[in-house]
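Structure first, commentary second.
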Amino acid sequence: MMEQQQTTLEKSSVFQFSVRNDKVGVITIDVIGDKVNTLKAEFVQQFQDVLKQAQQHSGVKGLIITSGKKESFIAGADISMIADCKTKEEASALAKAGQDLFTQIENYPLPVVAAINGVCLGGGLELALACHGRICSDNSKTRLGLPEVQLGLLPGSGGTQRLPRLIGVTSALDMILTGRQVNAKRALKLGLADDVVSQDILLDVAAKWILVGKKEQRKHSMMDRFLANTTLGRNILFGQAKKRTLAKTKGHYPAAERILHVIERGLEKDIQTGFKEEANAFGELAMTPVSSALRHLFFASTALKNETGSSEKPDNLHHIGILGGGLMGGGIAFVTATKGNLPARIKDISDKGIAQALNYSWKALSAKVSKKRLSARERQRQMGLLSGSLDYSGFHQSNIVVEAVFEDLALKQKMVADIEDVGKGKIIFASNTSSLPIHKIAETAKYPEKVIGLHYFSPVEKMPLVEVIPHENTDEKTIATTVDFAKKQGKVAIVVGDKPGFYVNRILAPYISEALTCLVQGEPIEHIDKALVQFGFPVGPIQLLDEVGIDIGTKITPILVDAFGERFASPPAVDAIIADDRKGRKNGRGFYLYAKHALPFSLGKNKKQPDPAIYRLLQIKPKNQHSSSEITERCLLLMLNEAVRCLDENIIKQPRDGDIGAVFGIGFPPFFGGPFRYMDSMGTTKVAEKLNQLADKYGEKYRPCERLVEMAKRNERFYD
């Protein structure tokens, strides 16, 4: 291997310049003290100085830009810079500074190559796009993408202009509009990378690329050239893209529409026009409430990643046990092995249950293999982390045992006793209960300090949230280790209080119950669901009950009524639906019709139909009686009021946790930032007024809780 960093010319806290023996210069980016590299405004001058220094060095034949971090090239720009901007002009100036710096790289008189190892996102990819070549390592951590749309923004440092010109407009639109990240092999196929090599020869291959001369630029397909370079092609492409985008965003995310406009203008005019449009759009989007809300969620989830939920440090994890081979158990085993890279042993009462859990992972991994996102060899390695047993053999090695069986208190208490016998008080028992209080499960335990709740949401591999629920005797080490385990599984973990429903189900229950009340009063199923989808939820409350399971969703209601009173009661008429053995999608009988039960006429590929039999069961004739906004208010404001009660009762420690729980647990519209952020935007005075108006019209369950009343009097906010 060629010796590197032979001569050091310039060193700062971030940039180090050196020259290899083959006269190729290397600029190494390393933000000291940070786990990943992020770009900050104050780095611009330092970068420019290093570029000048390199140009003045005699005999240098080209430059490699690389990272001093093992698994991160550049993770993006520092988002806090945007929060510091007070006007759109200030935000536009940030974007323009990035554009100008990267244009200097693009126009550099010597060849410049980005040697990418690890994550290369946002501003990091925009920097790489300005280079004359990109060589990626085959490290599994290497991911390239422009995720700005997920923060209500667009790539502001040239990404909207350079990416379409490099990989073609259709592929670029897909990446920029979705924020989708691609691995190194996919980047090579798209033409985003020029080569993919082993990490240990990354710099040598990059140097060779400089010394031999850059490769011929990949030619776009005839269709892509037609779509990008002709008026007719652009009209077709962007017309269709706008329709699809609006159908998906329903107008709630302005960044997507601005992305389309900026890319189209750049292709229609020239790249300089595109840069100008991009910087202006970046500034305007940075000032929108949507971007502010999405950045709030980003900072909140980032903060949670750095917390343990405890004053103690977590124990090292090495083996995990799972009780129950059903859908939940199978999903928990899957994320434990594939995300956490931890061995997971599944216990079930039958071979069929174990086979079902193992097959869950096999199918999920095989889908990745068929899409070439995973090698068959890696699938085999990950499957090798999973095993099953009809008894507790092998469970003595476990740090944590996750229980995912039926909601039966006696059964769960017996399992606590079994694990205590196996582990002699050294194993954490984590219950995936959705309704039973954790202190009840720990009631007969010898080591109650080792019992905790760990509530997953279905489907486990897709839902990002878990609730960690300590009871009053759970020790700090158990809390810290359980939170750490959830993070290793790729989850966002919030620590919540041990009362019925915990946080997510407690705020969800009155929301769904009020939707059912609207239904019993004669509102059509689709009218109710459409109202909440238009507001911004991914699915309506009645469809959500079908997806969760009507039997599961209604099982928690009596527990909540018993604990908190009649405000949680569902309308009695719903009992007729339960008595008709309607469980939702899982048994093909719910509020909606599913394939084998569908009506004899088709409504199109992805359409769903309410089941007319529901109205007969409820003895009603459906008719739109209330506006969408009134239905939305009735359901939503009960959720908001309950969220404030949860904060008041210390079920959640702070509004941040309540926002994260609602967005990641039940799909509260992210562009509002969560229920507490939403109440701040409305004003607590207005929230309390609306609740009182609804209480006068529909009953006392709507009265604002005491904390909200007091906040409304002083017009207080949940966030400073």
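From a predicted model like this one, the values you see are computed outputs, not experimental measurements.
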T474 vs T478, side chain to side chain donor-acceptor pair (under 3.5 Å): CA-CA, chis, key distance, verdict:
CA-CA 7 Å; T474 305; T478 296; over 6 Å; no
Can you pull out every salt bridge (charged side-chain N to carboxylate O under 4.0 Å, His left out) where at least one residue sits in residues 360-371? Sequence neighbours excluded, please.
none
Examine the side chains of Y392 and D421 and answer whether a donor and an acceptor come within less than 3.5 Å of each other.
no
List the steps, then state whether side-chain contact (heavy atoms from CB on, under 4.5 Å) holds for M679 with V644.
CA-CA 10 Å; M679 284 186 278; V644 180; 3.6 Å; yes
Please set out all donor-acceptor pairs under 3.5 angstrom arising from side-chain atoms of residues 560-568, sequence neighbours excluded.
from: R567; atom 1: NE; to: E642; atom 2: OE1; distance (Å): 2.9
from: R567; atom 1: NH1; to: F564; atom 2: O; distance (Å): 3.2
from: R567; atom 1: NH2; to: E642; atom 2: OE2; distance (Å): 2.8

Using ring centroids (six-membered ring only for Trp), state whether F535 and Y678 fall under 6.0 Å.
yes
Could you tell me whether a side-chain N or O of D498 sits under 3.5 Å from a main-chain N or O of P437, the two making a donor and an acceptor?
no
In sequence, state the C-alpha distance, the side-chain angles, and the governing distance for F668 and Y511, and then conclude on ring-ring contact (aromatic ring centres under 6.0 Å, His included).
CA-CA 11 Å; F668 192 95; Y511 166 81; 8.8 Å; no
Do the side chain of D315 and the main chain of T481 share a donor and acceptor less than 3.5 angstrom apart?
no
Please enumerate all residues that pass salt bridge (charged side-chain N to carboxylate O under 4.0 Å, His left out) together with K499, with sequence neighbours excluded.
E649
Under the side-chain contact (heavy atoms from CB on, under 4.5 Å) criterion, do E461 and Y360 qualify, and how do the steps go?
CA-CA 11 Å; E461 75 275 15; Y360 184 104; 2.3 Å; yes
Those residues that, when tested against T338, pass side-chain hydrogen bond (donor to acceptor under 3.5 Å, both in side chains) (two or more places apart)
none
Under 3.5 Å: donor-acceptor pair, side chain of Q150, backbone of T178:
yes
Can you tell me how the ring of F671 sits relative to the ring of H252, calling it parallel under 30°, perpendicular over 60° and tilted otherwise?
parallel
Report the residues that fulfil salt bridge (charged side-chain N to carboxylate O under 4.0 Å, His left out) with K414, sequence neighbours left out, ordered by chain and then residue number.
D418
Using atom types as modelled, flag every donor-acceptor pair under 3.5 Å from a side chain in residues 375-387 to any protein atom, sequence neighbours excluded.
from: S375; atom 1: OG; to: E378; atom 2: N; distance (Å): 3.0
from: E378; atom 1: OE1; to: R381; atom 2: NE; distance (Å): 3.1
from: E378; atom 1: OE2; to: R381; atom 2: NE; distance (Å): 3.2
from: E378; atom 1: OE2; to: R381; atom 2: NH2; distance (Å): 2.9
from: E378; atom 1: OE2; to: Q382; atom 2: NE2; distance (Å): 2.9
from: R379; atom 1: NH1; to: S366; atom 2: OG; distance (Å): 3.0
from: R381; atom 1: NH1; to: N341; atom 2: OD1; distance (Å): 2.9
from: R381; atom 1: NH2; to: N341; atom 2: OD1; distance (Å): 3.1
from: S387; atom 1: OG; to: R345; atom 2: NH1; distance (Å): 3.0

